[in-house]
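Accompanying notes for the structure given below.
Note that the coordinates shown come from a computational prediction; the quantities given were computed from them, not determined experimentally. Any value given below was found using the heavy atoms of this structure, including those in side chains, with hydrogens, waters and symmetry copies removed.
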Amino acid sequence: MKLRFDYNNMMADVIGDRGIDAGKLGENAGRIGAAFEDVLANCGKGWQEWSELPYIDYSSLDGMIAKMSEIRKKASAFVVLGIGGSALGPISVVQALLDMRLNEQPASALKSAGLPKLYIEDNIDPERMHGLLGLIDLKTTYFNVITKSGETSETLAQFLVLYDLMKKAVGKEEARKHFIATTTIGKGTLYALAQKEGFDTYGIGPGVGGRFSVLSNVGLVPFAVMGIDIKKLLAGAKEMSEACRVSDIKKNPALMTAFLQCMAMEKGANISVMMPYADSLKYMSDFYCQIWAESLGKAKDKDGKTVNVGQTPAKALGVTDQHSQVQLYTEGPYDKVVTFLAVDKFRNDVAIPSDPDIDACDFLKGHTMGELLNAERVATEYALRKAGRMSFTVTLPEVNEETVGELLAYYMYETAFAGAYLNINTFNQPGVEEGKKATFAMLGRKGYEEKLAEVRSAAKKPEYYI
């Protein structure tokens, strides 16, 4: 395991009474052990199929890697159509591992690097779609349509628009070669369409929920197109998985931080702030926000008891949000836990020159921007600690396929352990499903007539409009 975990600033003997008493580990040993056993007993089963993804035979990926390499050579742009887990995982990984200004590079530079531009379209704002169409050449663009259920309204709408335009641009026979479907095999509208139209199709296991799917074909297909070493990504995830399958909480980072977060909730810290100090990890906060909120925000526990549990995730970016949010974190309500993501060594660093003509800023001269960034992170950790605020730090030695794979697996296991500790169903999403059904009804989908009547009956009162 390459990642390091420092939870000093969660503990009462470090930050004071607002922290967690170390004795709570012993007091809750039975409950912690039960949560661990619950997760481990179900690895690879039911909705925990995601836990086995890093353990696949990597040679089974060779055919897909070769096919995606061919697309990479032909494509001027590669567009992912998806929403939720079908987009947030891929966005977080490509932001971490590709050049952050990839799409701004001139075509000649991209051609020399052998890479297409990459767009991940995770919303249906019509102005956004219009803007995309102004940027891509349909004749040399390839699309990956991703929806586990095969029924996601937003993704199907995007597909219908773009497939129609592609057929008009190059003809149906050629158009079908430009689309890849990633969905549940044998089920759903997208699978049926893919079979009818002859699209290359990659499956998502039935027990891999959307927010746990980044290490499945949901992520592996677009990563392979963009030249990311997906075997190293999975190897990193496997290394973290092994650490998360150790029963000793002091050797299991996901089990420890899941327990500490649950203890923090009991102390009223109902907001979890994810704060990377690296732009490459910026969108890991988005991935975390989905997996933490959608998994843990539940009205009832497994026994049917109304509990209304969950911890609201929030995003911050160091050092940007030192100048917008940290004042609240240090002096506002004691309702937050801050997780810092740190990087020891940046892939590229920039020296701050010791310019003799500038008679100022001597404290900056001779350092690098990476040193400054990390100094500001340590300073923010210290300020929170001094104020008695809870935080912990996850450190990546550097950002690469293996460490990113570790980080993704850590998030998944931490979420699973927290859900088991809280005795809730970590893997369902009834609140989301209600909105999906109402959308189907309002758009006139067959079979949703009763739901449409229900939606229409929820009339709003005119006196509450301005």
Side-chain angles (χ1 to χ4, degrees), residues 47 49-50 53 56-57 60-72 74-75 77-87 89-90 119-122 124 129 136 138-210 212-225 230 433 436-437 439-440 443-448:
W47 284 104
E49 190 178 333
W50 56 269
L53 293 172
I56 64 169
D57 177 1
S60 67
L61 300 170
D62 290 342
M64 183 265 282
I65 291 172
K67 187 170 286 190
M68 296 307 112
S69 177
E70 289 301 312
I71 289 177
R72 182 166 67 251
K74 295 184 287 187
F78 188 75
V79 180
V80 174
L81 307 178
I83 198 166
S86 298
Y119 300 94
I120 300 180
E121 298 300 297
D122 66 339
I124 50 170
M129 177 61 76
I136 61 174
L138 282 170
K139 295 179 181 179
T140 53
T141 297
Y142 289 75
F143 297 90
N144 185 190
V145 190
I146 309 174
T147 159
K148 174 183 166 56
S149 68
E151 305 293 343
T152 307
S153 302
E154 299 89 345
T155 305
L156 293 174
Q158 292 172 324
F159 162 73
L160 290 171
V161 169
L162 291 163
Y163 192 45
D164 181 66
L165 290 172
M166 182 66 80
K167 286 189 289 185
K168 291 174 180 175
V170 300
K172 184 173 182 179
E173 183 60 28
E174 179 64 23
R176 67 180 184 81
K177 299 175 185 177
H178 287 248
F179 283 80
I180 303 165
T182 306
T183 190
T184 300
I185 300 298
K187 179 182 177 182
T189 298
L190 178 59
Y191 179 76
L193 284 169
Q195 293 301 291
K196 180 176 180 291
E197 301 299 316
F199 301 157
D200 282 340
T201 304
Y202 293 90
I204 308 170
V208 179
F212 289 85
S213 67
V214 63
L215 297 174
S216 73
N217 286 324
V218 166
L220 300 185
V221 169
F223 301 158
V225 170
I230 58 177
E433 294 303 322
K436 287 183 178 180
K437 293 172 184 175
T439 299
F440 290 154
L443 292 176
R445 186 167 184 171
K446 291 181 180 179
Y448 288 83

Which pair of non-hydrogen atoms, one from [X] and one from [Y], has the smallest distance, and what is that distance?
X	Y	result
F440	E151	CZ-O, 3.5 Å
F223	G89	CZ-O, 4.4 Å
P90	G85	CD-O, 3.9 Å
G82	A87	O-CB, 3.7 Å
W47	K148	CZ3-CE, 3.7 Å

Taking the side chain as C-beta and beyond, is there a heavy-atom pair between [X] and [Y] under 4.5 Å?
X	Y	value
P206	E49	yes
L138	V170	no
I204	T182	yes
N144	Y142	no
V208	L215	no

Say you draw a straight line from [atom1] of [X] to [atom2] of [Y]; how long is it, rounded to the nearest 0.5 Å?
X	Y	atom1	atom2	answer
R445	K437	CZ	NZ	12.0 Å
L190	Q195	CG	CD	10.0 Å
L81	I120	CG	CD1	10.5 Å
T155	D122	OG1	CG	9.5 Å
M68	L220	CE	CG	11.0 Å
L156	I124	CG	CD1	11.0 Å

**Study point:** Carboxylate-amine/guanidinium contact E174 K177, below 4.0 Å
**Key:** yes
Review point. Does the distance from a Lys or Arg side-chain N to an Asp or Glu carboxylate O, for E197 and K167, drop under 4.0 Å?
Key: no
Check: [Y] main-chain N/O paired with [X] side-chain donor or acceptor under 3.5 Å:
X	Y	answer
S86	G84	no
Q158	E121	yes
D200	I180	no
R72	F78	no
T183	T147	yes
T184	S149	no

**Study point:** Audit row: L162, M129, side chain to side chain contact (heavy atoms under 4.5 Å, CB included) steps and yes/no
**Key:** CA-CA 9 Å; L162 291 163; M129 177 61 76; 4.0 Å; yes
Check your understanding: Taking it one step at a time, do V221 and V80 satisfy side chain to side chain contact (heavy atoms under 4.5 Å, CB included)?
Key -> CA-CA 10 Å; V221 169; V80 174; over 6 Å; no
Review point. Near K139 NZ, under 6.0 Å, is it more than 12 heavy atoms from other residues, nucleotides or ligands?
Key: no
Review point. So, for F159 and F179, is the gap between ring centers shorter than 6.0 Å?
Key: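 For F159 and F179, the ring centres are under 6.0 Å apart.
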**Study point:** CA sep, side-chain torsions, deciding dist, call: H178, Y163, side chain to side chain contact (heavy atoms under 4.5 Å, CB included)
**Key:** CA-CA 9 Å; H178 287 248; Y163 192 45; over 6 Å; no
Practice item. Carefully, step by step, assess W50 and S216 under the rule side chain to side chain contact (heavy atoms under 4.5 Å, CB included). Key: CA-CA 8 Å; W50 56 269; S216 73; over 6 Å; no
